[in-house]
Amino acid sequence: MSTRCGIGYDLHRLESGRKLIVGGLELAFDKGPAGHSDGDVLAHALCDALFGAAGLGDIGTHFPDHDPQWKDANSLIFLEHAGKLLDERGFAIEHVDAVVILEKPKLGPHFPAMREIIATALEVAADKIHLKAKTNEGVDAIGRGEAIAAWVVATLSHR
Ligand code: MG
């Protein structure tokens with residue numbers, strides 16, 4: 001048995017007229033991430049962390065953003081696919097630790113629902129998914145409410 005870690009990062013610009021979807025959950029807000037898919041930064045960074053830990057490239061390798069198939073795609077599909085690939089290759093998800101950075105709205109109250117959604121997509125227990133949120137203290141594009149970002153570290157075991 002070996003243990004492997006992967007890191008993932010993502011950022012999307014926030015624009016009016018887009019739904020704000022984080023961790024597969026739609027939140028009431030007047031802006032949302034611009035992007036080819038639904039722009040779910042948490043799902044995208046988590047995919048990159050999982051692919052990185054497993055040595056399977058990154059989200060763009062598996063879901064190219066020029067592919068019309070993924071236009072406005074629900075990013076939970078990406079997570080489900082990543083989970084299946086890992087399982088096929090003998091990897092098990094031991095722990096996920098994430099931080100989402102955005103100025104508004106507050107994410108904390110939505111974490112229990114997000115953890116359930118992510119855990120279901122990955123077919124793991126919800127207590128393996130740990131979520132945190134930070135503001136950017138008004139600094140830079142995230143602090144001005146122009147962008148949302150996420151960092152994720154995933155720990156896998158390999159049989
Ligand atoms: Mg992205």
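Hydrogens, waters and symmetry mates are skipped; everything else that's a heavy atom, side chains included, is used. Each ligand, and each atom within it, is numbered from 1 in the order the structure gives. Start at 1 with the first residue, then count along the sequence.
- Applying the 6.0 Å contact sphere to NZ of K19 captures no more than 12 heavy atoms from other residues, nucleotides or ligands.
- Around NZ of K104, the count of heavy atoms belonging to other residues, nucleotides or ligands within 6.0 Å does not exceed 12.
- Sparse packing is recorded around CD of E123, with 12 or fewer heavy atoms of other residues, nucleotides or ligands lying under 6.0 Å away.
- When the N, O or S atoms of D10 are ranked by distance to the Mg ion (ligand 1), OD2 comes first.
- Residue contacts to the Mg ion (ligand 1): D40 brings no N, O or S atom closer than 2.8 Å.
- More than 12 heavy atoms of other residues, nucleotides or ligands lie within 6.0 Å of NE2 in H62, so this atom counts as buried by the packing criterion.
- Counting just the N/O/S atoms of H12, the one with the shortest distance to the Mg ion (ligand 1) is named NE2.
- Considering just the N/O/S atoms of H44, the one nearest the Mg ion (ligand 1) carries the name ND1.
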